[in-house]
Amino acid sequence: MTRRLNKKLEQQQAPAFFVHGPSALARLAFFSVLSLALMAADSRLQYLLTVRQTLQTLLHPLQILANAPSQLYRDAGEYFSTHDYLLSENKHLKQQSIGQAITLQKLNTLALENIHLRQLLQVNESIAQATVAAEIMHVGRDTFSRKIVINRGQAHQISAGEAVVDAAGVIGQVTRVYPLTSEVTLITDTTLAIPVQIERNGLRAIAFGHGRDSSLDLPYLPSNVDIRRGDKLVTSGIDGVYPTGLAVAIVSKIEISPDSPFARIICAPTGGVENHKQVLVVSIAHAHTSQTESSSQLIAAPANADANQPANTMPPHHTSE
Amino acid sequence: MYMNNFKSVYLSLILALILLLLPWSGFALTVRPDFMLLLIIFWLIRAPNLCNVGTAWFVGLFVDLATGGVFGQYALAYTITAFFAVTYQKRLVLFNRTQQLFYVFLLLFISQIILLIIKTFAGGQLIGWTYFIPSLIGVLLWLIAGIFGLDVGGHRRDH
């Protein structure tokens, strides 16, 4: 077949002498300038968001097509999963749900108590959060950054800046939203910083992605800082992006050199940054909601224990296990 | 007949785009060759009357879209690479297979270097020497395609 194709295409070599239009050099100059202009317009002026969204929608069917083989493989695997496996999984999930129900009851009481205490103190900090479950479609194709693409977008009320978590902790932040998909920058990307707090002593810091070797850096902390290996970092929530108290990372290595005033602290993310399929997109709903509104939401939330719930209850679980 | 050829160019480009959109991850992502660039080089050498530097730019734009980076990075890299491919097109057709492979490797390498420069300016993270593996895999693909009879119509001395 390729031979036949070859023969067919051989004949078109002839008109190559009569190629008209501008020279290759002129084209090179024109399109290079155009590319540079595009880069400037996109990165500095953010003019091309709608263009990108439109083209991305055009690309969506192709994306579905490209994802089809792996999707089919997974579906087939699910279909042929054994009876025993399903039974054991069911048992495991039931046990887990009982454990979670107990914590949830405690949480309900605690939430109510917290609201009353807050009312007594007349502070209003508690912020209700909304969550959307999403599935990772594919990891980013750009080898220079750490991103994933999830299957929820504008159509599902996702907006840029929302936090993305999985069952074990924060994995990233939504950075770009398309109509049907959105792009999440992982916490291990060098461009992402996340305000954290050491769970043990409440020390605040900022964690930066380290890039290549999926770890986090904790710079700007003095060498005499009270931090130990195995310390758990949770979100401090002072940025108004990430809800308070979500697990982020565990300190894995501390290097103190005598010639530097700062300690070199490396942490391993707790969330499955590389290996999960289901994630939750958490948005802090309207930071300026009135006290009554946010409190009623907080009371209502534990009552309807649905898929949205784990995001709220996650950190307590983790510590209790 | 010309229609047919245009069709084969665009159909193959769409196929390459689907290949690019496959859910690559981990090791596969580091060794994934640049399908779109390989194909555009192939068509530039084989059918310079059907595609030119502008086609490469347009294809690059779609790769930019698929990778989610800033618009124009791949477009610029492809434009410059396509320029080199077009400039030496007539000579390239006369090369034998080994020379051709070396030349294609050089083209892929040029595009990667340009991308590296752009990304470094943009503050991306560097990934070490494994960054250049896709060029080698790309040449390997070119070689395999040649063995299966899909060549650019040059090196007539072999026949």
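Just so we're on the same page: letters track the sequence lines, and every chain starts at 1.
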S.K.: Apply side-chain contact (heavy atoms from CB on, under 4.5 Å) to the pair A:Leu38 and B:Leu61, showing each step before the final yes or no.
M.R.: CA-CA 10 Å; A:Leu38 271 179; B:Leu61 216 56; 3.5 Å; yes
S.K.: Is B:Val70 close to chain A through its backbone or its side chain, or both, or neither, when contacts mean heavy atoms under 4.5 Å?
M.R.: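 Contact with chain A involves both backbone and side-chain atoms of B:Val70.
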S.K.: Using every non-hydrogen atom in the two residues, find where B:Trp24 and A:Val139 come nearest and quote the distance to one decimal.
M.R.: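 Where B:Trp24 meets A:Val139 most closely, the heavy atoms are O-CG2, 3.0 Å.
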S.K.: Under a 4.5 Å heavy-atom cut-off, does chain B meet the side chain of A:Glu183, its backbone, both or neither?
M.R.: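 Contact with chain B involves the side chain of A:Glu183 alone.
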S.K.: Take A:Leu55 and B:Phe71 through the side-chain contact (heavy atoms from CB on, under 4.5 Å) test and state the conclusion after the steps.
M.R.: CA-CA 12 Å; A:Leu55 287 175; B:Phe71 263 128; 4.2 Å; yes
S.K.: Given that the side chain runs from C-beta out, which part of B:Ala56 has a heavy atom under 4.5 Å from chain A: side chain, backbone, both or neither?
M.R.: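 For B:Ala56, there is no contact with chain A at all, as no heavy atom is under 4.5 Å.
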S.K.: Using non-hydrogen atoms only, which part of A:Leu58 is less than 4.5 Å away from chain B: side chain, backbone, both, or neither?
M.R.: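 Answer is neither: A:Leu58 stays 4.5 Å or more from chain B.
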S.K.: Might you work through the side-chain contact (heavy atoms from CB on, under 4.5 Å) test for A:Phe31 and B:Leu76, ending with a clear yes or no?
M.R.: CA-CA 7 Å; A:Phe31 285 112; B:Leu76 181 63; over 6 Å; no
S.K.: Among A:Leu36, A:Val33, A:Leu25, single out the residue with the greatest number of heavy-atom pairs under 4.5 Å to chain B.
M.R.: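 Ranked by heavy-atom pairs under 4.5 Å with chain B, first place is A:Leu25.
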S.K.: Is chain B contacted by the side chain of A:Ser32, its backbone, both, or neither, given a heavy-atom distance below 4.5 Å?
M.R.: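 Looking at A:Ser32, backbone and side chain both touch chain B.
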S.K.: Quick one: which of B:Leu22, B:Leu65, B:Val86 has the most heavy-atom pairs under 4.5 Å with chain A, could you say?
M.R.: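 Result: the option with the highest number of such pairs is B:Leu65.
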S.K.: Which atom names give the shortest non-hydrogen contact between A:Met39 and B:Ile118, and what distance separates them?
M.R.: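 Distance-wise, the nearest heavy atoms are SD-CG2, 3.9 Å.
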